[in-house]
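First up is the structure itself, then whatever we jot down about it.
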Amino acid sequence: MVVDKRLTGDPAAIDEEFAPENIIDVPTDEEVLPEDISIVEDDEGGVIVDFNSSSMMKGDDSDDFFANLAETVDPNELTKLGNDLIGFYREDKQSRKDWERSYIEGLDLLGFKYEEREQPFKGASGISHPLLAESVVQFQAQAYKELLPPDGPVRTQIVGLISPETEKQAQRVKEYMNYQITDVMEEYDPDMDQLLFYLPLSGSAFKKVYYDETMKRAVSKFVSCEDLVVPYTTTDLRSAERITHVVHMQTNDLRKMQVNGFYRDISLYPETMSSSDTQSKIDELQGERPGAHDEEYVLLECHVNLDLLGYEDTDETGEPTGVRLPYIVTADENSGEILAIRRNWLSDDETMRKKQYFVHFKFLPGLGFYGFGLIHMIGGLSRSATSVLRQLIDAGTLANLPAGFKARGIRIRDADEPLSPGEFRDVDSPGGNLRDSLLPLPYKEPSATLFQLLGLIIESGRRFSAISELPFSEKGLTREMPVGTTMALLERGTKVMSGIHKRLHHAQRLELKLLAAVFADYLPPVYPYETIGAERNVKASDFDNRIDIIPVSDPNIYSSSQRAMLAQMQLQLAQAAPDMHNMYEAYRRMYEALGIKDVDLVLPPPKEPQPTDAAEENRNVLSNLP
């Protein structure tokens, strides 16, 4: 059977001349019809050839694999999917309500806002002890310096055989990634700074690594635990059935995404900013509140497994298997409209494994998905320290401003005004001694026992959070101590902090690996500067499996003082047996541990052996010289 192409629905084809290229062969009933063509007979005996059947909607290698599938999915299916995902998100958020409440109540322990108290008396102290705030600030300052040094957080390690080629490749990858992180990715430094402040409070914080279509570059963005929601049964991000990232977007930013085709160009209406419980507490501590004209869109970016209608997983015979595939679905929470649906696996991955975008930073591992922070671990000690401190201050206030009883008939001029130093005030006493007419209440001075208890509580909290200084006292570390004793004291005082730092090191390594994958897949294959040992156009091939991306931080060393101490002990051992050690390397490592720049200017490298003539060599041999 022969069918004219002009009958396939193209109006412009009707005016064309009848030509052989406009004729296609359609199989008869006995022949097998191609999967991407369907034929339907009409009432007048003709046929309708449909080249847009559902099988073609699955796309092939010629189509954009990561295109927005929401443009082709049935609208009724989109509505149902949007309602389901929003319902799942609210259910997941409700499942962690108690954890969120503990976190919100713990924010009051920071003491950022002075509390006006009416009990037990008006003007009672509302101060909060800074134990929790001190622990958070000390940790943030220490971890920030280690995880993000000025030269960049990336170093490289060669996997397999080391050759001059791979050494140059590793150096190029290291320099390029550090250049991107420190100079191009403007959000990396402040976001890491903010993450390290949130982390010890909540116990969990996240980084999202992706390629931003509007900025045309890689992005590593901080995501607070409030804005990343997972189901109750989740144990880790890799195996999570559903990950919902709450994205707060301004009107103009959303419009840009719609114009460039990343989101569906549909009408949406912003909503007035309504802070969540956590954000309301943060606004209260900062003294801020949203205005009446502050509007935003709240988008739910759901990384979820779906059996999407028209894009089902099929077996060799073309039958649906019922296996759900990974997608990224973006929905507007206010209206439930689906803005985008995109595949979340690589086009050449036959296993269709989910791509990872999020990295979980944990302070302490906790008992479930979310980690434990200092609010959970020393929140009780911080409350006790605040209570004892307020009692001591109130006791001093009452002792300095005593109150009591006076006889009914006694009259004191200006009784409501407090006595000034050196002032004597007239008193009309009905009779007898004035002492018998006045009875002060037995207020005591602040208790010494309470003061000692306060010191014990503070010391317990500091010892747990490991924010106390290293023991460089007379009873602590000294240069005369044996190396083994020094290491034992150092390890005993830094166990908690060392474990936390190892977890952060592991999380940052995952983050840098995701960044390297983004650089390899999306960035132009050209270096932005001249490279050593290669042309500028070798960048794409540099990011292969021969080079391992690792953080510059050492998982066993979390502070510069600890690093300097270890280098000093190494130097002492080398000085004790100089013939067995490379003294130049020992001194060089000591300078590097101290953070000295341009070490080669201070410590020039040893000169290479100079060749000598034959006569000089013979004289040296006769003189037993080397």
Side-chain angles (χ1 to χ4, degrees), residues 1 3 5 8-9 24-41 47-89 210 230-231 233-234 237-244 261-264 300-331 336-358 517 521:
M1 183 173 61
V3 178
K5 275 188 177 180
T8 60
I24 61 174
D25 288 330
V26 178
T28 61
D29 294 340
E30 291 79 10
E31 300 178 16
V32 179
L33 193 67
E35 294 183 357
D36 56 349
I37 299 177
S38 63
I39 298 178
V40 180
E41 295 186 4
V47 294
I48 299 176
V49 183
D50 183 10
F51 291 89
N52 294 315
S53 61
S54 61
S55 60
M56 292 189 66
M57 293 173 61
K58 297 181 182 179
D60 53 23
D61 294 338
S62 62
D63 297 330
D64 185 0
F65 185 79
F66 297 105
N68 186 0
L69 305 182
E71 302 285 358
T72 57
V73 173
D74 183 80
N76 295 329
E77 181 69 16
L78 290 180
T79 301
K80 181 179 181 300
L81 179 59
N83 294 333
D84 289 344
L85 291 179
I86 293 176
F88 288 146
Y89 158 71
Y210 62 100
V230 297
T233 56
T234 301
L237 289 174
R238 186 171 295 277
S239 62
E241 179 69 19
R242 184 173 53 254
I243 301 174
T244 304
F262 192 80
Y263 290 150
R264 291 172 63 207
L300 303 181
E301 183 181 291
C302 304
H303 297 239
V304 62
N305 297 323
L306 297 174
D307 190 12
L308 192 61
L309 181 64
Y311 297 90
E312 299 89 346
D313 180 59
T314 57
D315 56 18
E316 293 82 357
T317 62
E319 292 296 325
T321 62
V323 176
R324 291 181 291 179
L325 303 179
Y327 292 91
I328 299 178
V329 183
T330 305
E337 291 284 352
I338 298 293
L339 296 176
I341 302 176
R342 283 184 167 82
R343 297 179 177 92
N344 192 26
W345 71 90
L346 297 178
S347 58
D348 57 351
D349 186 4
E350 297 180 356
T351 62
M352 300 180 184
R353 184 175 53 185
K354 177 176 64 175
K355 291 179 61 179
Q356 295 295 323
Y357 292 91
F358 298 98
D521 293 340

Where R342 and N68 come nearest, the two heavy atoms and their spacing: NH2-CB, 3.8 Å
Give, for atom CD1 of I328 and atom OH of Y210, the distance between the pair rounded to the nearest 0.5 Å. 11.5 Å
So, using side-chain hydrogen bond (donor to acceptor under 3.5 Å, both in side chains) as the criterion, who are the partners of D349 when residues are at least two apart? T351
Distance in Å, E241 CD paired with R324 CZ, rounded so as to fall on 0.5 Å steps: 4.5 Å
Distance-minimising heavy-atom pair for Y357 and N344: CE1-OD1, 3.1 Å
Centres of the W345 and Y327 rings: under 6.0 Å? yes
Kindly compute the distance separating CG (L346) from CZ (R353), expressed to the nearest 0.5 Å. 8.0 Å
Backbone of A240 reached by a side-chain donor or acceptor of K354 within 3.5 Å: yes
Could you go through L85 and L300, starting from their C-alpha distance and side-chain angles, then the distance that decides it, and tell me whether this counts as side chain to side chain contact (heavy atoms under 4.5 Å, CB included)? CA-CA 9 Å; L85 291 179; L300 303 181; over 6 Å; no
State, to 0.1 Å, how close F262 and A340 come at their nearest heavy-atom pair, and which atoms those are. O-CB, 3.8 Å
To the nearest 0.5 Å, tell me how far R264 CZ sits from I341 CD1. 8.5 Å
Sorted by chain and residue number, the side chain to side chain contact (heavy atoms under 4.5 Å, CB included) partners of T79 (sequence neighbours excluded) come out as N83
Side-chain heavy atoms of M352 within contact of D313, under 4.5 Å: yes
Indicate the atoms forming the closest heavy-atom contact of V73 with Y311, along with that distance. CG2-CE1, 3.9 Å
List the atom pairs, donor and acceptor, that lie under 3.5 Å between side-chain atoms in residues 302-310 and the rest of the protein, sequence neighbours left out.
residue : atom : partner : partner atom : Å
H303    : NE2  : E301    : OE2          : 2.8

Indicate yes or no for a side-chain donor-acceptor contact from R343 to the backbone of F65 under 3.5 Å, with no hydrogens or angles considered. yes
Which value, rounded to the nearest 0.5 Å, describes the distance between I338 atom CD1 and E71 atom CD? 12.5 Å
